[in-house]
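The next block holds one structure in the form of structure tokens; read it before the comments.
Just so you know, ligand 1 is whichever comes first in the structure, and atom 1 is the first atom listed for that ligand. Just so you know, these numbers use all the heavy atoms, side chains as well, and skip hydrogens, waters and symmetry mates.
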Amino acid sequence: MTTDFKTLPLIDVSPLLEKWDDPIMAQDKGVADVVRQLGQACKEAGFFYVKGHGIPDSLVKEVRNIAHRYFDLPYEEKIKIKLSATTGYRGYQHVGENITKGVPDMHEAIDCYKEVTKGMYGALGETMQGSNVWPSHPPNFKKLMEEYVNLCTELSRKIMRGIALALGGSPVEFEGTRAGDPFWVLRIIGYPGVSPANGQDMPKNDIGCGAHTDYGLLTLVNQDDGITALQVKNLSGEWISAPPIPGTFVCNIGDMLKILSNGFYESTLHRVTNNSPIYRVCVAYFYEPNYDAVIEPLDECVKQTGGTRRFEGAVYGKHLVSKVLTNFIY
Ligand SMILES: N=C(N)NCCCC[C@H](N)C(=O)O
Ligand SMILES: O=C(O)CCC(=O)C(=O)O
Ligand SMILES: [Fe+2]
């Protein structure tokens with residue numbers, strides 16, 4: 001249920017992070033306050049900023065910095081880790097290779113996923129089978145990104161406990177067979193700046209990433225400071241900017257949480273346009289259900305939304321594969 005929000009709320013999650021594993025966390029006043037804010041943000045916008053998240057600012061910045069240094073390399077160097085079906089759609093994609101609603105996006109990226117080994121998940125696992133492919137330059141790229149993924153996974157698990165409480169469930173609603181073994185996705189994205197058009201208007205596609213929803217539970221967006229490019233659609237169809245706020249992540253809800261909440265929460269449409277002359281980097285981390293999880297509306301959410309189940313069960317891995325196969329046409 002998205003509303004006519006004009007700005008996105010900012011939530012300090014530190015009280016939740018202190019008590020996240022306490023069975024009676026819901027009785028804590030600080031936790032209850034974070035839970036109320038999360039619930040309101042999820043209901044009204046499906047997007048919010050998070051501060052007090054505990055991931056060192058130095059690491060958050062270094063991750064973007066090393067991404068800039070990779071994208072600065074010559075094409076021949078970057079293409080050494082080319083994304084293809086044989087790597088399970090992991091690796092580098094050039095500007096225009098990722099497609100959103102049939103239109104090529106003006107971004108380049110490295111896509112990474114939790115490893116899927118041969119035979120894991122049977123036929124469901126085949127498309128995404130593979131291990132990540134990492135560049136050898138800049139050095140330390142893999143180590144830094146893996147450390148970052150681990151911290152984002154821990155943080156997301158804790159925020160999801162708060163969201164579980166906000167939905168009226170138990171704090172561990174999203175553990176176990178739903179998301180106890182979360183599939184994760186990391187997209188290291190670069191959006192070229194607009195070049196001065198020699199006095200002439202050059203007709204070109206300036207959409208860095210077309211309007212889309214994210215696929216899983218929760219996204220953590222780590223974006224460059226100083227450039228406003230991400231926009232979120234509100235109920236009247238206006239595009240509301242999500243400018244960078246130093247020290248925060250932009251968080252948003254994915255399709256699987258929309259189903260779990262029986263539509264009480266929306267996976268909000270968003271898009272990216274880099275209108276600045278400066279190259280923009282965003283590192284987006286996606287916290288998703290177990291690869292083979294069957295995702296259905298929670299009973300509690302069905303009750304709260306009038307008693308009718310609005311969605312059939314969806315297998316998360318199937319949803320991901322259907323997206324990946326339309327994002328890349330090989
Ligand atoms: N894993 C996630 N959520 N990736 C988001 C990419 C959005 C663009 C993609 N072409 C699309 O149309 O979905
Ligand atoms: O670049 C951004 O700010 C967001 C990217 C995004 O929405 C995505 O990769 O799903
Ligand atoms: Fe997105």
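Which parts of ligand 1 touch Cys209 is read off a 4.0 Å heavy-atom cut-off, strictly below it: atoms 7 (C), 8 (C). Near Asn98, the atoms of ligand 1 lying under 4.0 angstrom from a non-hydrogen atom of the residue are 9 (C), 10 (N). Ligand-side atoms of ligand 1 in range of Ile99: 10 (N), 12 (O), range being under 4.0 angstrom from any heavy atom.
The existence of a salt bridge linking Arg157 and Glu154 is excluded, since no basic side-chain nitrogen approaches an acidic carboxylate oxygen closer than 4.0 Å. By the 4.0 Å N-to-carboxylate-O rule, Glu296 lies close enough to Arg309 to be salt-bridged with it. Using a 4.0 Å cut-off between a side-chain N of Lys or Arg and a carboxylate O of Asp or Glu, Lys82 and Glu97 qualify as a salt bridge. Between Arg90 and Asp111 there is no salt bridge, since no side-chain N of the basic residue sits under 4.0 Å from a carboxylate O of the acidic one. Salt-bridge check for Arg64 with Asp224: passed, with a basic side-chain N closer than 4.0 Å to an acidic carboxylate O. A salt bridge links Arg69 with Glu62; the closest basic N to acidic carboxylate O contact falls under 4.0 Å. Taking the charged nitrogens against the carboxylate oxygens, Lys258 and Asp255 have no contact shorter than 4.0 Å, which rules out a salt bridge. Ionic pairing of Asp21 and Arg161 is present here: one or more N-O contacts between side-chain nitrogen and carboxylate oxygen are shorter than 4.0 angstrom. Using a 4.0 Å cut-off between charged side-chain N and carboxylate O, Lys61 and Asp57 make a salt bridge. Glu238 and Lys6 are joined by a salt bridge, as a carboxylate oxygen and a charged side-chain nitrogen come within less than 4.0 angstrom of each other.
Shown are the protein N/O/S atoms under 2.8 Å from the Fe ion (ligand 3), given by residue and atom: His212 NE2, Asp214 OD1, His270 NE2.
Considering backbone and side-chain atoms together, Glu288 places no N or O closer than 3.5 Å to any N or O of ligand 1. In terms of polar-atom proximity, Lys323 is not counted as a contact of ligand 1, lacking any N or O under 3.5 Å from an N or O of the ligand.
With a heavy-atom cut-off of 4.0 Å, Arg187 touches ligand 1 through its side chain alone.
Aromatic ring centres of His137 and Tyr70 lie farther apart than the 6.0 Å criterion allows.
More than 12 heavy-atom neighbours from other residues, nucleotides or ligands sit within 6.0 angstrom of NZ on Lys78. Environment of CG in Asp33: crowded, with over 12 heavy atoms of neighbouring residues, nucleotides or ligands closer than 6.0 Å.
Both tests pass for Arg271 against the ring of Trp239: distance under 6.0 Å to the centre and angle within 45° of the axis.
In this structure, atom 13 (O) of ligand 1 lies nearest to the protein heavy atom Tyr215 OH, 2.5 Å. The protein heavy-atom contact nearest to atom 7 (C) of ligand 1 is His212 CD2, 3.4 Å. The protein heavy atom nearest to atom 8 (C) of ligand 1 is Thr100 OG1, 3.3 Å. What sits closest to atom 3 (N) of ligand 1 on the protein, heavy atoms only, is Phe286 CE2, 3.3 Å. In terms of protein heavy-atom proximity, atom 9 (C) of ligand 1 is nearest to Asn327 OD1, 3.2 Å.
With a 4.5 Å cut-off on side-chain heavy atoms, His94 and His107 do not count as touching.
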Pairs under 3.5 angstrom, nitrogen or oxygen on both sides, ligand 2 versus protein: list them out, please.
from, atom 1, to, atom 2, distance (Å)
ligand 2, 1 (O), Tyr191, OH, 2.7
ligand 2, 1 (O), Arg280, NH1, 3.0
ligand 2, 3 (O), Arg280, NH2, 2.8
ligand 2, 7 (O), His212, NE2, 3.2
ligand 2, 7 (O), His270, NE2, 3.1
ligand 2, 10 (O), His212, NE2, 3.0
ligand 2, 10 (O), Asp214, OD1, 3.1

